[in-house]
Amino acid sequence: MSRQVALVTGASRGIGKAILHALGAQGFEAVGTATTEEGADSIDTGLAKANLNGKGLKLDVTQTESVTALLEEIRSRFSAPYILVNNAAVTQDNLLVRMKEQEWHTVIDTNLSSVYRLTRACLRDMMKKRSGRIVNITSVTALSGNLGQANYVAAKAGVIGFTKCLALEVASRGITVNAVAPGFIDTDMTAKLGEAQRTNLVEKIPLGQMGSVQDVAHAVSFLVSSGARYITGETIHVNGGLYMS
Ligand code: NAP
């Protein structure tokens with residue numbers, strides 16, 4: 001029997017890469033995306049080094065044609081995804097008074113509209129098979145708010161609302177839809193912060209340290225496992241106690 005496919009967007013580095021490898025280790029055909037061919041090749045190399053089955057493919061989540069082409073390639077090489085992890089995202093921080101329309105639109109399009117695009121592209125096959133798992137990566141800031149991130153936080157709060165609506169719509173088809181909200185995780189995204197900002201942030205975390213990419217990957221691994229079959233529409237927080245909802 002062929003392996004079930006797990007598709008992870010933005011899997012070239014950081015949290016997405018850790019999720020991809022965790023799902024590969026769970027026995028899924030791990031298909032990860034990057035924005036460039038070089039990134040896709042590096043996903044192939046990483047999977048091969050870790051002795052995992054899967055493939056890196058190119059995707060721009062802001063382009064519907066790119067999403068369509070990706071799904072066609074996955075279906076022809078393997079089979080339609082059983083798991084979709086919407087992970088790809090960007091930040092373009094600015095105080096609202098200075099935020100340009102381009103900064104607003106880029107972040108909403110990459111972090112929120114992408115979730116609509118990818119999910120719609122995968123959903124019909126999941127509905128036909130009456131099984132599937134969708135996990136959307138949001139952020140602690142969707143609940144806490146954050147200075148200078150009105151675009152990012154609006155997108156990530158939108159992802160939580162989207163998750164709840166879709167969970168209601170597809171529950172009868174055997175598909176679960178959940179979100180994972182990381183706190184302060186050590187990746188390229190947080191490397192942009194200055195040393196003083198990092199120290200200040202870590203001081204506010206009850207568990208006293210930044211999270212690792214594996215901490216987030218473990219939560220995703222659980223949500224796609226059979227042990228989580230009765231959990232849907234939920235947001236799991238992975239933030240060291242930084243925010244408790
Ligand atoms: P990261 O290291 O900056 O990686 C971002 C990933 O998204 C890369 O694989 C990148 O691909 C991809 N990407 C960017 N723009 C894209 C586009 N237009 N189309 C397709 N892919 C695109 O991010 P991260 O820190 O691992 O974050 C992963 C997720 O966790 C995001 O949803 C983020 O919002 C969330 N999160 C992170 C933290 C944190 O502390 N790090 C906290 C809360 C939530 P390329 O490599 O090709 O550019």
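We count ligands from 1, going down the list as the structure has it; atoms in each ligand are counted the same way.
Among all non-hydrogen protein atoms, the one lying nearest atom 29 (C) of ligand 1 is Asn87 OD1, 3.1 Å. At the top of the distance list for atom 23 (O) of ligand 1, counting protein heavy atoms only, stands Met189 CE, 3.8 Å. Looking at atom 16 (C) of ligand 1, its nearest protein heavy atom turns out to be Thr35 CG2, 3.5 Å. Nearest to atom 48 (O) of ligand 1 among the protein's heavy atoms is Arg13 NH2, 2.9 Å. Atom 44 (C) of ligand 1 has its closest protein heavy atom at Thr138 O, 3.2 Å. Ranking protein heavy atoms by distance to atom 12 (C) of ligand 1, first place goes to Gly10 CA, 3.7 Å. Atom 24 (P) of ligand 1 has as its closest protein heavy atom Thr187 OG1, 3.7 Å. Looking only at heavy atoms of the protein, atom 19 (N) of ligand 1 is closest to Val61 N, 2.9 Å.
At least one N or O atom of Tyr152 sits closer than 3.5 Å to an N or O atom of ligand 1. Remark: ligand 1 and Ser12 share an N or O pair separated by less than 3.5 Å (distance only, no angle test). No N or O atom of Phe184 sits closer than 3.5 Å to an N or O atom of ligand 1. Residue-to-ligand polar distances keep Gly16 apart from ligand 1: every N/O pair is separated by 3.5 Å or more. Among the atoms of Thr33, none of the N or O lies under 3.5 angstrom from an N or O of ligand 1. Some N or O of Lys156 is nearer than 3.5 Å to an N or O of ligand 1, by distance alone.
Among Gly14, Ala88, Ala89, the residue whose heavy atom lies closest to atom 5 (C) of ligand 1 is Ala89. For atom 35 (C) of ligand 1, the candidate residues are Thr106, Ile137, Leu20; the nearest heavy-atom contact is made by Ile137.
Contacts between Asn111 and ligand 1, counted as non-hydrogen atom pairs separated by less than 4.0 Å, are absent for every part of the residue. The proximity of Thr190 to ligand 1, defined as any non-hydrogen pair under 4.0 Å, is limited to the side chain. Counting heavy atoms closer than 4.0 Å to ligand 1, residue Val140 contributes nothing at all. At a 4.0 Å heavy-atom cut-off, ligand 1 touches Ile15 through backbone and side chain alike. In Ala11, the part holding a heavy atom less than 4.0 Å from any atom of ligand 1 is the backbone.
You'll find the side chain of Leu201 stays beyond 4.5 Å of the side chain of Thr199, heavy atoms only. Residues Leu223 and Thr176 fail the side-chain proximity criterion, which asks for heavy atoms closer than 4.5 Å. In this structure, the side chains of Leu23 and Val85 come closer than 4.5 Å at one or more pairs of heavy atoms. Looking at heavy atoms from C-beta onward, Thr163 lies out of side-chain contact with Thr235 at the 4.5 angstrom threshold. By the 4.5 Å heavy-atom criterion applied to side chains, Tyr82 and Glu29 are not counted as neighbours. Side-chain contact between Val8 and Thr33 is absent, with no heavy atoms from C-beta onward closer than 4.5 Å. Under the 4.5 Å side-chain criterion, counting only non-hydrogen atoms from C-beta, Thr187 is not in contact with Arg13. Using a 4.5 Å heavy-atom cutoff, the side chains of Leu57 and Ile74 are in contact.
Per-residue contacts place Asp188 under 4.0 angstrom from the following atoms of ligand 1 (heavy atoms of the residue considered): 2 (O). Against a heavy-atom cut-off of under 4.0 Å, Leu59 is close to the following atoms of ligand 1: 19 (N), 20 (C). Near Val90, with a cut-off below 4.0 Å to any heavy atom, the atoms of ligand 1 are 14 (C), 15 (N). Heavy-atom proximity to Ile185, at under 4.0 Å, picks out these atoms of ligand 1: 39 (C), 40 (O), 41 (N). The Gly183 neighbourhood of ligand 1 comprises atoms 38 (C), 40 (O), 42 (C), 43 (C), with distances under 4.0 Å to a heavy atom of that residue.
When all heavy atoms are compared, the tightest approach of Val5 to Ser79 is CG2-O, 3.4 Å. Residues Ala142 and Ala157 approach most closely at CB-N, 3.6 Å, considering heavy atoms.
Residue contacts with ligand 1 leave out Thr9, since none of its heavy atoms falls under 4.0 Å from the ligand. By the 4.0 Å heavy-atom criterion, Ser66 is excluded from the residues contacting ligand 1.
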**Prompt:** Passes side-chain hydrogen bond (donor to acceptor under 3.5 Å, both in side chains), Ser221 versus Gln26? Steps please.
**Reply:** CA-CA 8 Å; Ser221 293; Gln26 269 178 276; 3.1 Å; yes
**Request:** Give the C-alpha distance, both sets of side-chain angles, the deciding distance and a yes or no for side chain to side chain contact (heavy atoms under 4.5 Å, CB included) between Val135 and Leu84.
**Result:** CA-CA 6 Å; Val135 181; Leu84 167 65; over 6 Å; no
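A donor-acceptor distance shorter than 3.5 angstrom exists from the side chain of Asn239 to the backbone of Leu242, with no hydrogens or angles considered. A donor-acceptor contact shorter than 3.5 Å is absent between the side chain of Thr141 and the backbone of Ser144. Side chain of Glu103 to backbone of Lys100: a donor-acceptor contact under 3.5 angstrom is found.
Between Tyr243 and His237, the ring planes lie tilted relative to each other; the angle falls in the 30° to 60° range.
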